Q: 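The following block contains the structure, expressed as structure tokens.
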Amino acid sequence: MFCPKCDNDIGAQTDGSTMTVDIAHGGERLRDALRKLDFHITEALEGNAQYLRFIVGNGAIREEVSLSLAALEHR
């Protein structure tokens, strides 16, 4: 899978312990990006990934994802 913004191979950027997901460059709206965030967090918790890395770009999605992750970490 390639990032449509930077054209890097997302799968080649990990050793397998980190799950990398682009949730902001496929034309997603804020609520869609947050749904993808929740889905992939659940998927990682049920799977073998040790770390998650989200590609979010700049703007509203980045801000909301940061707030969501901070709240999750606090819980």
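Just so you know, residue 1 is the first one in the sequence shown, and it goes up from there. Basis for what follows: all heavy atoms, side chains included, without hydrogens, waters or symmetry-related copies. Just so we're clear, the structure is a prediction, and the values are computed from it rather than from any experiment.
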Q: What's the separation between atom NZ in K36 and atom CG in D38, rounded to the nearest 0.5 Å?
A: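 Going from NZ on K36 over to CG on D38, the span is 12.5 Å.
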Q: Can you tell me how far CG of L34 sits from CZ of R29, rounded to the nearest 0.5 angstrom?
A: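 Rounded to the nearest 0.5 Å, the CZ-CG separation comes out at 14.0 Å.
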Q: Please list every donor-acceptor pair under 3.5 Å in which a side-chain atom of residues 64-75 meets a protein atom from a residue at least two apart or in another chain.
A:
| residue | atom | partner | partner atom | Å |
| --- | --- | --- | --- | --- |
| S66 | OG | R62 | O | 3.0 |
| S68 | OG | E64 | O | 3.1 |

Q: Between CZ of R53 and OG1 of T18, what distance do you get to the nearest 0.5 Å?
A: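 Answer rounded to 0.5 Å: 7.5 Å.
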Q: Does the E28 side chain pair with the main chain of G26, one donor and one acceptor, at a distance under 3.5 Å?
A: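 The answer is yes, because a donor-acceptor pair under 3.5 Å joins these two groups.
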Q: Which residues satisfy the side-chain hydrogen bond (donor to acceptor under 3.5 Å, both in side chains) test with E43, sequence neighbours excluded?
A: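 E43: side-chain hydrogen bond (donor to acceptor under 3.5 Å, both in side chains) contacts with H40.
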Q: One thing to verify: whether D32 and R35 come together as a salt bridge, which I'm taking to mean a side-chain N less than 4.0 angstrom from a carboxylate O.
A: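 So R35 pairs with D32 through a salt bridge.
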Q: Check for me, please, whether L45 and F39 land in the same ILVMFWY cluster - side-chain distances under 4.5 Å, paths through other members count.
A: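 The answer is no; the residues belong to distinct hydrophobic clusters.
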Q: For residues A44 and M19, report the shortest heavy-atom separation together with the two atoms involved.
A: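 Closest heavy-atom pair between A44 and M19: CB-CE, 4.2 Å.
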Q: Just do the side-chain contact (heavy atoms from CB on, under 4.5 Å) check on F54 and I41 with the steps written out, would you?
A: CA-CA 10 Å; F54 293 101; I41 288 172; 4.0 Å; yes
Q: Looking at every heavy atom in both A33 and I23, which two are closest together, and how far apart are they?
A: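 It is CB-O, 3.3 Å.
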